[in-house]
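Scope of the values below: all heavy atoms of this structure, side chains included, with no hydrogens, waters or symmetry mates.
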Amino acid sequence: MSDLLWQKPGVAVDAQIQAFLAGDDVVLDREFFLHDIAASRAHAQGLARIGILSQDELGAMERELAILGEEFSSGRFVLDARYEDGHSAIEAWLVERLGNAGKKIHTGRSRNDQVLVATRLWLKEKLGRTAALAREIAGVALERAHAEAELPLPGYTHLQRAVVSSAGLWWAGWAEAFIDDARRALDTRALLDANPLGTAAGYGVNLPLDRAHTTAALGFARQQINPVYAQLSRGKFELAALEALGSATLDLRRLAWDVSLFSSAEFGFVDLPAQYTTGSSIMPNKRNPDVIELMRATHASVAAARIEIEQLLSLPSGYHRDLQASKGAIFHGFGRGLAALELLPALLANLEWRPRRMRAAIDDGMYATDVAVEQAAAGVPFRDAYRAAAEAVAQAGEGRTPEGSLQARVSPGACADLGLDALHARLAALPA
């Protein structure tokens, strides 16, 4: 490992202890490295604006940071165990190429605000991706809701047959859910859109840092003003980001449950595209919905990441090394969550209904609610109408069809009035 930034004269570094301290930080920092380089460039510009760097030094530093980014992206520079972390690698690169000028890059900043700003930029990017995927999923669901608005589908409560419903209502429900998920991701991104660079180790520095410049240069909406709060927000903001992601993966889990049930032989409502299934290692007859089941499992990883960070935050104010573990949590949570969400639009676009099986699962008793409501509309007290319908459940379907039941369901949002135009408007109103 290269020389440690914090190593003190006369103090030996124990390799086993150092390995424990570093953990998998250098590997995780590969995910955040380009953001760390971008923040270093903005910080260097800020230092030049207050006279710490000359314009020649700034130009050389910007050139070398650009080269480092290109070398890393191409794989020619590998962030590995030679370095304690990504921050050390950036400084080592600049010192090796620029000598004393490179040694100036850390003026006025700490690894504390350095990791904060790189992580913040990464979280903004991931929340933007979460919102984009939720928007795409909602769009697919709305398209299918239009196309299949009148396709009868049994409606269930308690996993028991309940009322006649429609594929259109099912699709519209998921559309609205993922519109809300997109909104939540964007709202959370707005919460996080605050620049912590320049707060140093949590107490500021005795330099007139140009924080307004770094805020604009890095594309933040505002400064995170208070240095103490900048440290307090580490973990808190990661938790908020995972909660926004978890809103989408929670809906994914429930949707995957529906598809898993509907594609089973007992239901038989859905045919899955073959590429979303795998074969059994022992049973030649099997095609298993493994993709759907792993989608269903994804929320557990996101929830686990959220709980891990929540447990880390049993801390007083100020920086504590415990917070290093938060990087792994968000990396794994977003890595698994986004990978699953990315598969969902194509799955939803390509699954096929089996209308005969769906119609066959609609029995006479599923019209009983229609009967009771019709009697109530005619003036019979609802509780009396309910009892009468309950006593004649077997006859409730006489003279009725699924299509007729759907057409009569005129309450706003129900099968005859899905409100798809309003949902399209909400989807279109989401900010970029």
Side-chain angles (χ1 to χ4, degrees), residues 1-11 13 18 21-22 25-122 195-201 204-220 230 319 327:
M1 183 177 288
S2 60
D3 291 342
L4 301 169
L5 298 178
W6 47 265
Q7 190 168 350
K8 304 299 188 291
V11 179
V13 175
Q18 181 52 35
L21 287 170
D25 227 29
V26 74
V27 175
L28 291 171
D29 277 358
R30 295 170 187 167
E31 186 75 9
F32 308 97
F33 196 56
L34 292 176
H35 294 302
D36 205 350
I37 291 172
S40 292
R41 180 175 182 271
H43 182 65
Q45 292 170 349
L47 291 178
R49 292 170 72 89
I50 61 170
I52 300 296
L53 294 177
S54 69
Q55 287 302 310
D56 287 345
E57 289 172 326
L58 172 61
M61 201 167 284
E62 289 183 314
R63 182 188 68 246
E64 290 300 332
L65 288 169
I67 292 170
L68 176 57
E70 292 168 2
E71 293 287 297
F72 175 76
S73 296
S74 68
R76 292 187 295 270
F77 175 86
V78 178
L79 187 58
D80 57 22
R82 291 173 295 167
Y83 306 100
E84 183 180 8
D85 51 33
H87 320 311
S88 305
I90 292 171
E91 186 164 340
W93 175 277
L94 293 175
V95 171
E96 180 182 342
R97 283 155 179 77
L98 301 177
N100 286 335
K103 295 177 183 179
K104 296 181 180 181
I105 186 60
H106 209 61
T107 306
R109 76 174 179 185
S110 164
R111 286 194 298 179
N112 293 358
D113 63 338
Q114 199 172 350
V115 69
L116 272 170
V117 70
T119 305
R120 195 70 52 81
L121 291 168
W122 185 89
N195 177 27
L197 185 60
T199 59
V205 294
N206 48 329
L207 287 171
L209 297 175
D210 192 343
R211 297 194 63 210
H213 172 78
T214 59
T215 298
L218 291 171
F220 283 106
Y319 174 76
K327 279 195 287 189

On a heavy-atom basis, which atom in Val205 and which in Ala200 lie closest, and how many Å separate them? CG1-CB, 3.7 Å
Let me confirm one number: the CG-CG distance from Leu197 to Leu209, rounded to the nearest 0.5 Å. 8.0 Å
Please report the C-alpha distance between Leu218 and Arg120 in whole Å, then the side-chain angles of each, then the deciding distance to 0.1 Å, and finally whether the side-chain contact (heavy atoms from CB on, under 4.5 Å) criterion is met. CA-CA 11 Å; Leu218 291 171; Arg120 195 70 52 81; over 6 Å; no
Could you go through the side-chain contact (heavy atoms from CB on, under 4.5 Å) check for Gln114 and Glu91 one step at a time? CA-CA 12 Å; Gln114 199 172 350; Glu91 186 164 340; 6.0 Å; no
Answer whether the closest heavy-atom distance between the side chains of Asp29 and Val115 falls below 4.5 Å. no
Ser110 and Asp113: side chain donor to acceptor below 3.5 Å: no
Please answer whether the main-chain N or O of His35 pairs with a side-chain N or O of Trp122 as donor and acceptor at a distance below 3.5 Å. no
Please give me the minimum heavy-atom distance between Glu71 and Ser74, naming the atom from each residue. O-OG, 3.1 Å
Please confirm whether the backbone N or O of Arg211 pairs with a side-chain atom of Thr214, one donor and one acceptor, at under 3.5 Å? yes
Can you give me the closest heavy-atom contact between Leu98 and Ala60, atom names plus distance? CD2-CB, 3.8 Å
Return the minimal non-hydrogen interatomic distance between Arg30 and Phe72, and the atom names on each side. O-CZ, 3.4 Å
Scanning both residues in full, the closest heavy-atom pair of Ile50 with Pro208 reads CG2-O, 3.1 Å
I need the Phe33 CZ to Phe77 CZ distance, nearest 0.5 Å. 4.5 Å
Rounded to the nearest 0.5 Å, the CD1 atom of Ile90 sits from the CE atom of Met61 at a distance of 11.5 Å
Do you know which two heavy atoms are closest between Ala92 and Tyr83, and how far apart they sit? CB-CE2, 4.1 Å
Could you give the side-chain donor-acceptor pairs of residues 37-48 under 3.5 Å, partners two or more places apart or in another chain?
unit_1 : atom_1 : unit_2 : atom_2 : d
Ser40  : OG     : Asp36  : O      : 3.0
Ser40  : OG     : Arg109 : NH1    : 3.1
Ser40  : OG     : Arg109 : NH2    : 3.3
His43  : NE2    : Ile105 : O      : 3.4
His43  : NE2    : Thr107 : O      : 2.8
Gln45  : OE1    : His213 : NE2    : 2.9
Gln45  : NE2    : Glu62  : OE2    : 2.7

Spacing of Leu79 atom CG and Glu31 atom CD [to the nearest 0.5 Å]: 12.0 Å
Quick one: does any side-chain atom of Thr119 pair with a main-chain N or O of Leu116 as donor and acceptor, under 3.5 Å? no
Go through the steps to decide whether Val117 and Phe220 satisfy the test side-chain contact (heavy atoms from CB on, under 4.5 Å), and finish with yes or no. CA-CA 10 Å; Val117 70; Phe220 283 106; 3.8 Å; yes
Could you grab the distance from atom CG of Leu68 to atom CZ of Arg76, nearest 0.5 Å is fine? 11.5 Å
Starting at CD1 of Ile52, measure out to CG of Leu58 and round the result to the nearest 0.5 Å. 13.0 Å
